[in-house]
Amino acid sequence: GIALGAQASTGSSSSASSSGSLVFDPDAYEKLTTTVTDTDGDEHSVTYHFWKAITYVAKPVDATYQSLVVSAPVEIDGKAVDPSDAPILLANSVGGYMPSSVADATGVGAGGMSGGGAPGGGAPSGSASPSASAPGANGNTNATGGATASNQLLALAAGYVVVEPGARGRTLKNSAGEYYGTAPAAIVDLKAAVRYVRSNRGRIPGDVDRIVSAGTSAGGALSALLGASGDSPIYDRYLKELGAADASDAIFATGAWCPITDLEHADGAYEWNWGANATQSTGKVVDQSVSKELSAQFAEYQASLKLRGLNRFGALTARNYDEYLLRQYLQPSATAYLAGLSDSERETYLAKNTFITWSAGKATFTWDDYLTHVGARKKTAPAFDAFDLSAGENNEFGAGTTENRHFTAYGAKNDTTGLSTKRVAADIPEKLHLMNPMYHLVDKVNGRRSKHWWIRLGTNDTDTSHVVSANLAAAAAGLGDDVNHLYYWDQGHGANTDPGDFITWIAKVTG
Ligand code: DHB
């Protein structure tokens, strides 16, 4: 890996400790207090020990990103708590496959709201919190001055330990012009963070055998990958090169919100799902022949997966997946939403959305009407491996001094940037395996994977295909894992409308 070997010759300006020792110092904390507003709107005072940025590898490429912070509650609403054996929430803040740093974090929730980063670009997330009593670097404070309900804050208020790792991301470039944060840097970093935590059993607060990962979008993809790929040997050489701690990187449970994953199949899945919605939100109409070719590729891929739907649906194919999504996810999602409204609110909603039939407390509708309801798609065709190399994912698969590369045969064949070779580079197939949870759940089933899965997606989210999450859930469930997957009705990209339920679920699965 050229990218991996690249040293940050610009020099790191990190404030993180970089002694090379991977021994956690239990005494090196400061004591902070924050107010957490729970999902009922009730405020809780939480006193916690906070460990500022700790570099989690012995040979960091860039310690600004390869560092983590730890928060452990010691008093909740005036009552002492002991976090030594509490579950550990490992919340990443990756967005857009961009770099994410906690180097300057001064309190819990450094990455901002609900693990959401900067979708599709923007500045690295994780700047300093304004003060310990108002955490949330991205301004996630509510009117009363307490912090709003993010996974991290709710976890802390529930008595869990919160570990927030930074990770390298796709735009990082050293002074030699080499990209050192492209695939597989982010997953290697998160694994190194897990190994650091595991290797500090008995020193770091929390039960290191009950690590629950969480992330959103690209961070959700990485969380799912972390769950699927636990202890897989295909990452060993990368971890060794960083001087990662010698310990297991398997995690106990996985939380993934709108995971942008299975990237090499996402263009086909996208057209199968959103192809009927030819117009983007920008007003641009996507190329219909490209859309149709990609959709046909999805049919082949889906057949090759040999997955079965949840609840005895049977074999999942491109021909019945619309029916499956309706039955398993979309109609139950609308039903739950409508059931939660007052009678008059429900009447108003149904009057505005006449495509929904509401009968005997259940919502039903057709796939075509649902697509019309969602409306304009977000992305062009292809959505991920752009012919002109302009997608963020082209950058994610960059390497060495090459910023953007194709990662699908179809994208490479149709390249418009004047490349002399119309094929993917020789290292791409391995990089795809390193980045895809489906590889570990289908191609090479990993017995060390997480066995508990919390997956969430907004029904209006057109950042990727709905089948990406649904396939992940079906693959894990097909292996016998415990899968909790719901779609949030009328919610867009990055939504997390039931964080309290996630916290309760952690207690249940780790209990
Ligand atoms: C994210 C969003 C995208 O549309 C994408 O292609 C990759 C990542 C994100 O929000 O992290």
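One-based numbering, in listed order, for ligands and for the atoms of each.
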NZ/NE/NH1/NH2 to OD/OE distance under 4.0 Å, [X] and [Y]:
{"X": "Lys52", "Y": "Asp104", "answer": "no"}
{"X": "Arg237", "Y": "Glu430", "answer": "yes"}
{"X": "Arg198", "Y": "Asp249", "answer": "no"}

Give the numbers and elements of all ligand 1 atoms closer than 4.0 Å to a heavy atom of [X].
{"X": "Phe384", "value": "6 (O)"}
{"X": "Asp463", "value": "2 (C), 3 (C), 4 (O)"}
{"X": "Lys379", "value": "3 (C), 4 (O), 5 (C), 6 (O)"}
{"X": "Gly95", "value": "11 (O)"}
{"X": "Glu393", "value": "5 (C), 6 (O), 7 (C)"}

Flag if over 12 foreign heavy atoms under 6.0 Å of CD, Gln288: yes
Neighbour count above 12 (heavy atom, 6.0 Å) for Lys413 NZ: no
Sub-4.0 Å heavy-atom approach of Met98 to ligand 1: no
Test item, Gly96 contacting ligand 1 (heavy atom, 4.0 angstrom): yes
Check: Ser217 N/O within less than 3.5 Å of ligand 1 N/O: yes
Side-chain donor or acceptor of Asn92 paired with backbone N/O of Leu190 under 3.5 Å: no
